[in-house]
Amino acid sequence: MAPQTRSSFPSVVIERETDTEESSSSSEEEEGGGGGKGAGEEDAESESENVKTYEERTKGKAPISIPLKKVCKVCKKPGHEAGFKGATYIDCPMKPCFLCKMPGHTTIMCPHRVATEHGVVPAPHRSAGNPIDFIFNRQLSPRVRPIKPAFVIPNEVKCAVTRYHSRRVTCLEFHPTNNNILLSGDKKGQLGIWDFHKVHERIIYGNVHTCILNNIKFSPTNSGSVYAASSDGTISFTDVETGISSSLVNLNPDGWQGPSSWKMLYGMDVNAEKGLVLVADNFGYLHLVDSRSNNKWEDTILVHKKGSKVVGLHCHPHQPDIMLSCGNDHFARIWDMRKLQDGCSIHDLEHKRVVNSAYFSPLSGSKILTTSQDNRLRVWDSIFGSMGPPNREIVHSHDFNRHLTPFRAEWDPKDPSESLAVIGRYISENYNGTALHPIDFMDISTGQLVAEVMDPNITTISPVNKLHPREDVLASGSSRSLVIWRPKEQSESVKEKEDQKIVLCGKLEKKRHGKKFGNESDDDSDHDGGFGPVSKKGKHKGANLSSSTGGKRKVNY
């Protein structure tokens, strides 16, 4: 007899009742009621149930068939799988490359992954030949040095505080006058204040907002107070030292009336010269608040497509009348605040997907850097020239499909050439058997990857990164933890002048002497996590901290 072959995949059959099953709460109420049966009667009935034949027990039930086929999570078709396997991303054969979004190759073989500057052509300043361009050359261009200095990269962990927040970090901001103070916000609406020079001096104010804190900006007239915008629809004004907070604006005075009417605040910036706090909501509108009287203007302006989130606002560093906005309608728009009207933007910069952030360059304000969900960083070299297609598009991995804070490329405010930017990476890389997500420093004038900062103890993704405006310091928000990076010291005598410290918060701090550390999740789960050396098998060995160059340092508590 010829051997028989299976023409299809096997399937699992699960028996269930055709009638609707009662909820567990209703069954518990029946068991706890006064008319319930005694324990002896229940035992007798259970024994009689066991005696019933299979036909009697399966009578009136319809089976559920679950096929054991491999189904792709991307295209929902059987026969293949796609996604991460360790540090390797497997592409769906029905979709283009996950990194560059172009067909013909996989993510592993993507030329942009081998060389980040692949296909990026440096473009000179575009002369428009108009009076505005003449003003640029006379007033703003001298601020940018013609010779690019050497980049200083913070590439070594100096201190960290793990499990600092109860939920993932959403925003960071350095104090305008005190170099060692870092403010952070999280998904729960908490505001954290950390002195990373003294490491252990930290505090969290949990009564500022009730949900996601999306943006923090210091008051231009009072460095001890901050404005904060939240998804609860309020703008708060909080004293950093006391934690006393007042609500300036509440867009939901009647409370929850459904998702169609609930207003959330995302993008925010402070215009110091005009004395305005600018904030935008999830319906495409811009709201203005007078920072001197703390009163909201009655008029609202539709700056993006109605019903779309406006996730970013940025005022020009030298021209207070110029504002940049970006949102979920795939546009970044330039506005003149002297004539803010619906549909009256100066330029509309089109993108292929959602725009996570858009910033003017920090010194001259002549350049624009945007981050889009299509894995592209876009650069415009001059806002005074032709504002058509961008001068450069740099492929970078930040298109995520997890519960993460959106990635945003931010300028280095100390770089006189206005060409260095920092952004976290989504796709992990295999470093000595460990899957790590580096923090990338990009030269946006050439598209070249200047440096990738990582530490084998930090196995979570770092989507929130902020460069210090005055010191060579990088602050990173990785899940619920904060990390401070500084340039690695070249001299051993200088390197050993002070001990490095890591502070452990929450449950981990109580159990640090009796339990090993586990990896910290990228999502919003509440299980323990921390920083600890990772072996090739992914297990933590102890509480030592290793730098990205392989050297180990003892952790003091």
Side-chain angles (χ1 to χ4, degrees), residues 101 123 125-133 135-136 140 215 265-269 271 276 278-288 299-361 364-396 398-399 406-411 418 421 444:
K101 314 301 181 184
H125 166 65
R126 297 175 180 175
S127 178
N130 54 31
I132 299 180
D133 188 66
I135 295 174
F136 167 77
L140 299 181
N215 230 311
L265 297 178
Y266 288 92
M268 184 179 68
D269 201 1
N271 191 321
L276 292 176
L278 313 174
V279 65
D281 62 21
N282 58 323
F283 289 98
Y285 287 94
L286 174 69
H287 305 267
L288 307 178
D299 296 336
T300 57
I301 300 96
L302 183 66
V303 292
H304 281 263
K305 182 180 178 181
K306 190 173 183 179
S308 63
K309 296 178 183 178
V310 184
V311 296
L313 294 176
H314 189 215
C315 295
H316 196 278
H318 303 292
Q319 301 293 331
D321 294 321
I322 304 299
M323 182 189 70
L324 182 63
S325 65
C326 62
N328 285 14
D329 60 351
H330 303 185
F331 277 94
R333 305 180 193 271
I334 303 177
W335 300 86
D336 188 341
M337 296 190 62
R338 291 167 294 188
K339 49 180 181 180
L340 272 175
Q341 297 177 0
D342 299 353
C344 292
S345 57
I346 300 175
H347 291 292
D348 297 333
L349 310 179
E350 186 175 4
H351 295 67
K352 293 183 179 179
R353 288 186 62 186
V354 171
V355 186
N356 292 340
S357 65
Y359 298 108
F360 290 111
S361 52
S364 69
S366 61
K367 301 180 182 180
I368 290 178
L369 172 63
T370 66
T371 307
S372 178
Q373 279 294 112
D374 61 352
N375 277 347
R376 295 292 192 279
L377 305 179
R378 289 176 172 83
V379 183
W380 283 263
D381 283 330
S382 174
I383 64 173
F384 303 103
S386 174
M387 294 300 292
N391 293 83
R392 281 172 299 285
E393 290 188 3
I394 305 171
V395 176
H396 182 268
H398 50 259
D399 178 16
F407 293 83
R408 299 180 179 94
E410 297 203 8
W411 300 92
E418 296 185 330
I444 57 98

Do His396 and Asn375 pass the side-chain contact (heavy atoms from CB on, under 4.5 Å) test, and can you show the C-alpha distance, the side-chain angles, and the key distance before you say yes or no?
CA-CA 5 Å; His396 182 268; Asn375 277 347; over 6 Å; no
Which heavy atom in Phe360 sits nearest to a heavy atom in Trp411, and how many Å separate them?
O-NE1, 3.2 Å
Any side-chain heavy atom of Ser366 within less than 4.5 Å of one from Ser361?
yes
Distance in Å, Met268 CE paired with Asn215 CG, rounded so as to fall on 0.5 Å steps
4.5 Å
I need the minimum non-hydrogen distance between Gly365 and Pro317, along with the two atoms involved.
CA-CG, 3.8 Å
CA sep, side-chain torsions, deciding dist, call: His318, Ser364, side-chain hydrogen bond (donor to acceptor under 3.5 Å, both in side chains)
CA-CA 7 Å; His318 303 292; Ser364 69; over 6 Å; no
Any idea which heavy atoms bring Ser372 and Arg378 closest together, and the distance?
CB-NH1, 3.5 Å
Take Asp269 and His314 through the test side-chain hydrogen bond (donor to acceptor under 3.5 Å, both in side chains) and record every step on the way to the result.
CA-CA 6 Å; Asp269 201 1; His314 189 215; 4.6 Å; no
If we ignore angles and hydrogens, is there a donor and acceptor under 3.5 Å between the side chains of Ser325 and Trp335?
yes
All heavy atoms of Leu302 vs all of Gly284, minimum pair found to be CD1-O, 3.5 Å
Determine, step by step, whether Tyr359 and Ile368 satisfy the side-chain contact (heavy atoms from CB on, under 4.5 Å) criterion, reporting the C-alpha distance in whole Å, the side-chain angles of both residues, the deciding distance to 0.1 Å, and the verdict.
CA-CA 6 Å; Tyr359 298 108; Ile368 290 178; over 6 Å; no
Taking Asp329 for the side chain and Ser308 for the main chain, is one N or O donor matched with an acceptor at less than 3.5 Å?
no
Closest non-hydrogen atom pair, Ala332 against Ala358:
CB-CB, 4.3 Å
Output the distance between atom CD1 (Ile301) and atom SG (Cys344), rounded to the nearest 0.5 Å.
11.0 Å
Please answer whether the main-chain N or O of Glu418 pairs with a side-chain N or O of Lys367 as donor and acceptor at a distance below 3.5 Å.
yes
Of all heavy-atom pairs linking Lys101 and Asp399, the shortest is NZ-OD2, 2.6 Å
Tell me whether Arg333 is salt-bridged to Asp348, with the criterion being a basic N under 4.0 Å from an acidic carboxylate O.
yes
Looking at CG of Leu286 and CG of Leu313, how far apart are the two atoms once the value is rounded to the nearest 0.5 Å?
6.0 Å
Donor-acceptor under 3.5 Å (Asn328 side chain, Val354 main chain):
no
Under a 4.5 Å cut-off applied to non-hydrogen side-chain atoms, are Val311 and Val355 in contact?
no
Can you check whether Lys352's main-chain N or O pairs, donor with acceptor, with His330's side chain at less than 3.5 Å?
yes
Side chain Asn391, main chain Asp381, donor-acceptor under 3.5 Å
yes
For the atom pair CG (Asp342) and NE2 (His304), what is the distance rounded to the nearest 0.5 Å?
12.0 Å
Look at atom NZ of Lys305 and say whether more than 12 heavy atoms of other residues, nucleotides or ligands are closer to it than 6.0 Å.
no
Looking at side-chain heavy atoms only, is the closest gap between Met337 and Ile322 below 4.5 Å?
no
Within the structure provided, determine whether Leu278 and His287 are in side-chain contact (heavy-atom separation under 4.5 Å).
no
Just so I know, are the side chains of Asn271 and Pro320 near enough to count as touching, which here means a heavy-atom distance under 4.5 Å?
yes
Indicate whether the side chain of Thr371 and that of His398 have a donor and an acceptor atom separated by less than 3.5 Å.
no
Treating Trp380 as the side-chain partner and Gly388 as the backbone partner, does any N or O pair qualify as donor plus acceptor under 3.5 Å?
yes
Check Asp281 with Lys309, please: is the shortest side-chain N to carboxylate O separation under 4.0 Å?
no
Within the side chain of His351, is there an N or O that forms a donor-acceptor pair under 3.5 Å with the backbone of Leu349?
yes
Do NZ/NE/NH1/NH2 and the carboxylate oxygens of Asp321 and Arg338 come within less than 4.0 Å?
yes
Side chains of Lys306 and Tyr285 in contact at under 4.5 Å (non-hydrogen atoms):
yes
